[in-house]
Amino acid sequence: MNPNQIELSFSSRAENLSAARMVIASVGSQADLMLNDIEDLKVGVSEAVTNAIVHGYQNDPDGVVALMIQSDEDKIQIIVRDQGCGIADIELAMQPSFSSDPERMGLGFVFMKSFMDELTVDSQLNEGTTVTLVKYLQHPPSSH
């Protein structure tokens with residue numbers, strides 16, 4: 001069966017974060033996820049979108065954030081893409097408490113890793129960042 005797919009793009013404004021959270025909550029509820037798993041999805045999306053707005057676009061409201069969600073019987077995959085400044089050192093950016101903004105706690109990627117089953121970050125300087133999050137609907141495939 002082909003996966004269900006939703007694509008949404010919106011201005012890089014903090015007030016659009018609630019729309020992204022509502023869409024992922026809807027997808028999670030359609031997949032019959034428990035409330036805590038839906039909350040995990042909302043946290044993952046919130047952190048990825050917030051990173052795009054705050055770090056990718058440095059709070060410039062004229063940027064565009066793309067949100068793509070694919071769901072099937074096995075998993076929900078979320079892709080958040082921006083065309084902002086990019087990340088110079090992804091490994092460093094993923095360290096707890098690292099932030100390019102001194103006002104922030106630097107836990108976005110830590111939260112994404114802990115609330116989702118998979119996290120992939122691809123970034124090019126001055127071209128943007130793509131964050132891919134995966135939540136398995138059962139248990140992740142065994143790596144043994």
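- Of all the heavy atoms in Gly108 and Glu47, the pair that sits closest is CA-OE1, 3.2 Å.
- Put simply, the residue from Val45, Leu41, Leu133, Ile24 that forms a side-chain contact (heavy atoms from CB on, under 4.5 Å) with Ile69 is Ile24.
- Looking only at distances, no side-chain donor or acceptor of Ser123 sits under 3.5 Å from a matching main-chain atom of Gly86.
- When hydrophobic residues (I, L, V, M, F, W, Y) are linked wherever their side-chain heavy atoms come within less than 4.5 Å, the members clustered with Met68 are Ile79.
- Ala52 and Val65 get closest at one heavy-atom pair: CB-CG2, 4.0 Å.
- Once rounded to the nearest 0.5 Å, the distance linking SG of Cys85 with CG of Asn126 reads 7.5 Å.
- Here CD1 of Ile87 is found 10.0 Å from CG of Leu92. Values are rounded to the nearest 0.5 Å.
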**Message:** Show, in sequence, the C-alpha distance, side-chain angles and deciding distance for Val27 and Ile76, and conclude whether the side-chain contact (heavy atoms from CB on, under 4.5 Å) test is met.
**Reply:** CA-CA 8 Å; Val27 171; Ile76 296 173; 3.9 Å; yes

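- Among residues two or more places apart in sequence or in another chain, the side chain to side chain contact (heavy atoms under 4.5 Å, CB included) test is passed with Asp74 by Asp72.
- Judged by distance alone, with hydrogens and angles left aside, the side-chain atoms of Lys135 form no donor-acceptor pair with the main-chain N or O of Ile38 at under 3.5 Å.
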**Asked** After noting the C-alpha distance and the side-chain angles of Asn51 and Val131, does the key distance pass the side-chain contact (heavy atoms from CB on, under 4.5 Å) rule?
**Response** CA-CA 10 Å; Asn51 276 1; Val131 174; 5.9 Å; no

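- Looking at Leu67, Thr132, Val134 one by one, the single match for side-chain contact (heavy atoms from CB on, under 4.5 Å) with Ile78 turns out to be Leu67.
- Between the side chain of Tyr57 and the backbone N or O of Val64 there is at least one donor-acceptor pair closer than 3.5 Å.
- Between the Asp82 side chain and the Thr129 main chain, a donor and an acceptor come within less than 3.5 Å of each other.
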**Request:** Go through the steps for Val121 and Thr130 under the test side-chain contact (heavy atoms from CB on, under 4.5 Å), then give the verdict.
**Result:** CA-CA 6 Å; Val121 180; Thr130 301; over 6 Å; no

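- Here the shortest heavy-atom pairing between Phe109 and Ala93 reads CD1-O, 3.4 Å.
- The minimum heavy-atom distance linking Met112 with Gly44 is given by the pair CG-O, 3.9 Å.
- For the pair Leu119/Met94, a side-chain contact is recorded, criterion being any heavy-atom separation below 4.5 Å from C-beta on.
- Between the CD1 atom of Ile6 and the CD atom of Gln30 there is a distance of 6.5 Å, given to the nearest 0.5 Å.
- From Glu7, atom CD reaches atom CD of Gln70 across 8.0 Å, with rounding to the nearest 0.5 Å.
- Between the side chain of Asp117 and the backbone N or O of Tyr136, at least one donor-acceptor pair lies under 3.5 Å.
- The shortest distance between side-chain heavy atoms of Asp37 and Asp40 falls below 4.5 Å.
- Counting heavy atoms of neighbouring residues, nucleotides and ligands inside a 6.0 Å radius, atom CD of Glu15 exceeds 12 of them.
- Between Arg21 atom CZ and Lys42 atom NZ the span is 5.0 Å, to the nearest 0.5 Å.
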